[in-house]
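Positions are given from 1, in the same order as the sequence printed here. Just so you know, ligand 1 is whichever comes first in the structure, and atom 1 is the first atom listed for that ligand.
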Amino acid sequence: MTKICVLGLGYIGLPSASMFATQGHEVIGVDVNPELVSALRQGEVHIQEPGLNMLLQSATQSGNLRVESAPERADAYIIAVPTPLERHPEMGAPRPDLRHVRAATKAIAPLLEAGNLVILESTSPPGTTVHVVRPMLERNGLRAGRDFSLAYCAERVLPGRILIELVTNDRIVGGIDPVSAQRAGDLYTSFVEGQIMMTDATTAETVKLMENTYRDVNIALANEFSRVADHLGIDVSEAIALANHHPRVDILRPGPGVGGHCIAVDPWFIVDAAPDETRLIRTARAVNDAQPARVADLVAAVVADIDHPTIAALGMAYKADVDDVRESPSVDVVRILRERGYTVRAHDALARQAPDGTMLEADLTTTLGGADAMVILTDHTMYRELEPWSAGPSGMRHRRVIDTRACIDGSRWQLSEFAVHSLGAGRRTVDRPPSTVSGIPHPI
Ligand code: SAJ
């Protein structure tokens, strides 16, 4: 078995370190956050991810996982630290921020010995492994390829399914030479059941970015189709469902914007690497980044006839059934509405705090009680399963729903005399006014 040092115990590093430990490797999990280190040593997991708690327990109980604040000599080093963006509006496009990658590489360099393997897992701009990590590791005289192996291998797991996809997904491994790729691939075979494909490091880095950029551009297309549907007065959800019956069409879903620390971030790594070749990618980013303001405009239109309306915003996480509020478009929508003077109560089914640390509403009934409009921003299961009478005994003051994820059955809510609006719902709002059917019990 191999002694592995994993640097960065976040969404990817912690599951990976635990997975290697349960497979019998000796693993030192390293993080620079002392609170995180002590929490993990107590077996407390800071990430809401199905199965992760149990995996960490079994990894710790196996005696193969030790959590430390600094790296130690090992046979293999895996760098899984964050690679955020540096956003300076005056600078134009956001730039990749590699400070954590550089810090982790600097921490490893003095420990490096002949025969070691170093793998960069962090999503990184093309060329990071070869032009940033490699020279830093070679400062002590060892040569990558000759004395130690160096590879790149990003994960492609879907938050909410991390433990499943860590095992089942195919992996792309890129080496600075074929031996490095092979050695890294061999290490992952200890738990990866998917296909492991080899290439060079820069190609592997670019492939990861292409995957997420592909998704961002296609989400932008769905969002633009919803604008077209509003303009034409047709229902975009119906149109997309029909179009996706074509054997080679798979249009994604409109929403309030693109969140998370990947899809909204990674395209900028490609733009940064090839600024003159990436007009489409930039435009798609602009389309998606314009969605929160578009949702705020829709909310404003729906409550335009009400003095000092109160808005109940449901869902602060960036996507369904996760508690991650980082880079969430929901947070942008709430911020914009509040900047415009609206009273907004922000609730989330899973997250307890907004990114700025403010507490979110804890009780849905209280959040909805007396509100003039409810805007669903994240399609958590709790919200999908909402019933029109969910607003509790006092109920909402006005029965208006803005469903930005098209995740509730609008016709059922209309039967309870709710006016239902959503993105690209042209016809649903215009041709199909809420029908009042006598005999249906009033929801509140
Ligand atoms: N979204 C839409 N409409 C859609 C799909 C998504 O508005 O049809 C929004 C979501 O609400 C969310 C954002 O896009 O705000 C991103 O969600 P996501 O589920 O597309 O992606 P992530 O960030 O949770 O995970 C992605 C995945 N990449 C791809 O699907 C190509 C995952 O496989 C990656 O491993 C992950 O990024 C990552 O860490 O890179």
**Q.** Candidate pair Ile176 and Tyr152, rule side-chain contact (heavy atoms from CB on, under 4.5 Å), full reasoning
**A.** CA-CA 8 Å; Ile176 56 110; Tyr152 177 83; over 6 Å; no
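The side chain to side chain donor-acceptor pair (under 3.5 Å) contacts involving residues 12-25 comprise His25-Ser190, where partners must be two or more places apart or lie in separate chains. Listed by first and then second residue, the side chain to side chain donor-acceptor pair (under 3.5 Å) pairs that reach into residues 116-125 are Glu121-Tyr188, sequence neighbours excluded.
Taking a heavy-atom cut-off of under 4.0 Å, ligand 1 is surrounded by Glu155, Arg156, Val157, Leu158, Pro159, Lys208, Glu211, Asn212, Arg215, Ile219, Leu252, Arg253, Gly257, Val258, Gly259, Cys262, Ile263, Tyr318, Lys319, Arg405.
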Return a table of donor-acceptor pairs under 3.5 angstrom between the side chains of residues 260-269 and protein atoms on other chains or two or more places apart.
| unit_1 | atom_1 | unit_2 | atom_2 | d |
| --- | --- | --- | --- | --- |
| His261 | ND1 | Arg326 | NH2 | 2.9 |
| His261 | NE2 | Arg326 | NH2 | 3.2 |
| Asp266 | OD2 | Asn212 | ND2 | 2.6 |

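Under 3.5 Å, the side chains of Asp216 and Thr213 contain no donor-acceptor pair of N or O atoms.
Counting heavy-atom neighbours within 6.0 Å of His88 NE2, excluding the residue itself, gives a total above 12.
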